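Predicted model only: the values in this text are computed from it and were never measured.
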Amino acid sequence: MSHHKLEVRDLQFAYPDGQVAIKDISFTIHHGESVGIIGANGAGKSTLLMLIMGLLFPTSGEVLVGDVRVTKKTLPMIRQRLGMVFQNPDDQLFMTTVYDDVAFGPRNYNMDEEEVEKRVKEALEAVGIAHLKDRAPYKLSGGEKRSAAIAAVLSMQPDILIMDEPTSALDPKSRRKVIELLKGFKHTKIITSHDLDMVFETCSRVIVINQGEIAADGEGAKILRDSKLLESCGLEIPLSFQNCPVCGKL
């Protein structure tokens, strides 16, 4: 399943104003891995995701999905293999019903309506919102919008699922639902988030980005317990690893 593999090779990127956002980053993500990419604000996480998705193109280096290099010419093929859920679901939901939003991708690739209906049904059931298919997206709660945005990506049956801050601005119940949803996915997953407790629950591997460079890459539980490493990168260890202020125990 080489097409499920993502390679980032010697990636560098500078914005037109000269700001260097990504400095010589390299890593490989294999089929079935769940990888959390963490870092302080301005560390380069969002820029890295945009380079992976082909929304930006590197100053030097390359991104490969399987054996296919991400270029302007290969973007249609890349977008079928990579599915990205944006931080704000309102950026992805724009049709009059949830069904039409989830159907938009398959229809855009000229699939017949029978196949579209099958994919929409499977995607909505996967995220547990089949009962909302006829609802207007703007009438949904924050958690329901997030689920609908995930379903819209799943309907394209991507090889790799990319999520930017999937639990951002959610209430505790909706956050827990999204976490359980992510834990149940068998896709290769890349998740960026400041919610390190969620990253601990959903990602077996963690890459720490600091000032555009990789500060650490390895087993998630080990990295997320390394308070010195995280503090040096402007982060704190997850709340679940911090001592109780009353008894002093974990």
Side-chain angles (χ1 to χ4, degrees), residues 21-22 29 33-53 55-56 82-95 98 101-102 105 123-124 126-129 132 135-156 158 160-185 187-212 220 223-224 230 233-242:
I22 299 295
I29 295 175
E33 280 196 287
S34 295
V35 181
I37 298 178
I38 65 173
N41 286 335
K45 305 185 302 298
S46 296
T47 301
L48 178 59
L49 286 192
M50 289 191 283
L51 289 165
I52 290 173
M53 287 297 301
L55 299 173
L56 294 173
L82 302 181
M84 183 169 176
V85 180
F86 293 93
Q87 181 174 347
N88 185 355
D90 289 326
D91 291 338
Q92 287 181 257
L93 305 175
F94 51 87
M95 302 294 283
V98 170
D101 261 314
V102 179
L124 291 174
V127 300
I129 59 167
L132 299 176
R135 289 276 297 276
Y138 72 88
K139 292 185 177 181
L140 303 179
S141 69
E144 290 169 342
K145 285 183 179 180
R146 187 85 62 189
S147 295
I150 294 173
V153 171
L154 291 183
S155 68
M156 291 300 297
I160 300 171
L161 196 59
I162 299 175
M163 284 158 283
D164 187 12
E165 297 286 355
T167 57
S168 174
L170 294 182
D171 60 64
K173 185 176 180 180
S174 297
R175 173 183 175 275
R176 174 51 50 188
K177 182 179 178 182
V178 169
I179 288 174
E180 295 305 319
L181 188 63
L182 297 181
K183 287 165 68 175
F185 285 158
H187 295 73
T188 303
K189 297 187 290 289
I190 301 172
I191 301 172
T192 66
S193 183
H194 289 108
D195 184 350
L196 299 191
D197 287 275
M198 181 274 294
V199 171
F200 171 67
E201 285 197 58
T202 58
C203 300
S204 58
R205 175 182 169 192
V206 168
I207 298 173
V208 185
I209 305 293
N210 187 37
Q211 296 182 354
I223 287 177
L224 293 172
L230 296 182
C233 297
L235 301 168
E236 290 186 338
I237 62 172
L239 289 173
S240 53
F241 295 157
Q242 296 182 19

ask   = Hey, are the side chains of Leu161 and Thr188 touching, using non-hydrogen atoms and a 4.5 Å cut-off?
value = no

request  = Verify side chain to side chain contact (heavy atoms under 4.5 Å, CB included) between His194 and Val199, making sure each step is shown before the conclusion.
outcome  = CA-CA 8 Å; His194 289 108; Val199 171; over 6 Å; no

query = Does a side-chain heavy-atom distance below 4.5 Å link Pro158 with Leu82?
reply = no

ask   = Within the distance-only criterion (no hydrogens, no angle test), does the side chain of Gln92 pair as donor or acceptor with the backbone N or O of Ala152 below 3.5 angstrom?
value = no

inquiry  = Using only atom types and a distance under 3.5 Å, with no angle test, would you say the side chain of Arg146 pairs donor to acceptor with the backbone of Pro166?
reply    = yes

request  = Could you tell me which non-hydrogen atom of Ala148 sits nearest to which non-hydrogen atom of Val102, and how far apart they are?
outcome  = O-CG2, 4.1 Å

inquiry  = How close do Ala123 and Ala151 get, counting heavy atoms only, and between which atoms?
reply    = CB-O, 3.4 Å

Separation of Leu224 CG from Glu236 CD (nearest 0.5 Å) = 13.0 Å

key: Closest non-hydrogen atom pair, Ile52 against Ile162   = CG2-CD1, 3.8 Å

request  = Output the distance between atom OG (Ser141) and atom CG (Leu170), rounded to the nearest 0.5 Å.
outcome  = 8.5 Å

inquiry  = What I'd like to find out is whether the side chain of Leu230 reaches to under 4.5 Å of the side chain of Ile38, using heavy atoms alone.
reply    = yes

task = Please round to the nearest 0.5 Å and tell me the distance separating atom CZ of Arg176 and atom CG of Asp171.
result = 12.5 Å

ask   = Going through the distances and angles, do Ile209 and Ile207 end up as a side chain to side chain contact (heavy atoms under 4.5 Å, CB included)?
value = CA-CA 6 Å; Ile209 305 293; Ile207 298 173; 3.9 Å; yes

request  = Answer yes if the side chains of Lys189 and Ser34 hold a donor-acceptor pair under 3.5 Å, and no otherwise.
outcome  = yes

ask   = Is the side chain of Ser168 donor-acceptor paired with the backbone N or O of Glu165 at a distance under 3.5 Å, no angle test?
value = no

ask   = Roughly how far, to the nearest 0.5 Å, is the CG atom of Leu56 from the CE atom of Met50?
value = 4.5 Å

task = Can you sort out the partners of Asp195 under side chain to side chain contact (heavy atoms under 4.5 Å, CB included), two or more places apart, ordered by chain and number?
result = Thr167, Arg175, Ser193, Asp197, Met198

ask   = If you look at every heavy atom in Leu49 and Met84, which pair is closest and at what distance?
value = CD1-CE, 3.8 Å

query = At their closest point, which heavy atom of Val208 faces which heavy atom of Cys233, and how far apart are they?
reply = CG1-SG, 3.8 Å

ask   = Out of curiosity, Leu235 CG to Asn210 CG, how far, rounded to the nearest 0.5 Å?
value = 8.0 Å

message = Rounded to the nearest 0.5 Å, what separates atom CD1 in Ile179 from atom CD in Glu201?
response = 5.0 Å

request  = State, with a plain yes or no, whether a side-chain heavy atom of Val35 is found less than 4.5 Å away from one of Cys203.
outcome  = no

remark   = What one should report as the nearest heavy-atom pair of Ala40 and Gly234 is CB-O, 4.0 Å

request  = Under the ring-ring contact (aromatic ring centres under 6.0 Å, His included) rule, collect the residues that match up with Phe185, sequence neighbours excluded.
outcome  = His187

message = Within the 4.5 Å heavy-atom criterion, are Phe86 and Asp164 side-chain neighbours or not?
response = no

key: Crowding at CD, Gln87 (>12 non-hydrogen neighbours, <6.0 Å)   = yes

key: pair Ile190-Met163: side-chain heavy atoms closer than 4.5 Å   = no

query = Does a side-chain heavy-atom distance below 4.5 Å link Glu144 with Lys139?
reply = no

inquiry  = Taking the side chain as everything from C-beta on, heavy atoms only, tell me whether Val127 gets closer than 4.5 Å to Leu154.
reply    = yes

key: Side-chain ion pair, Glu180 and Lys177, N-O less than 4.0 Å   = no

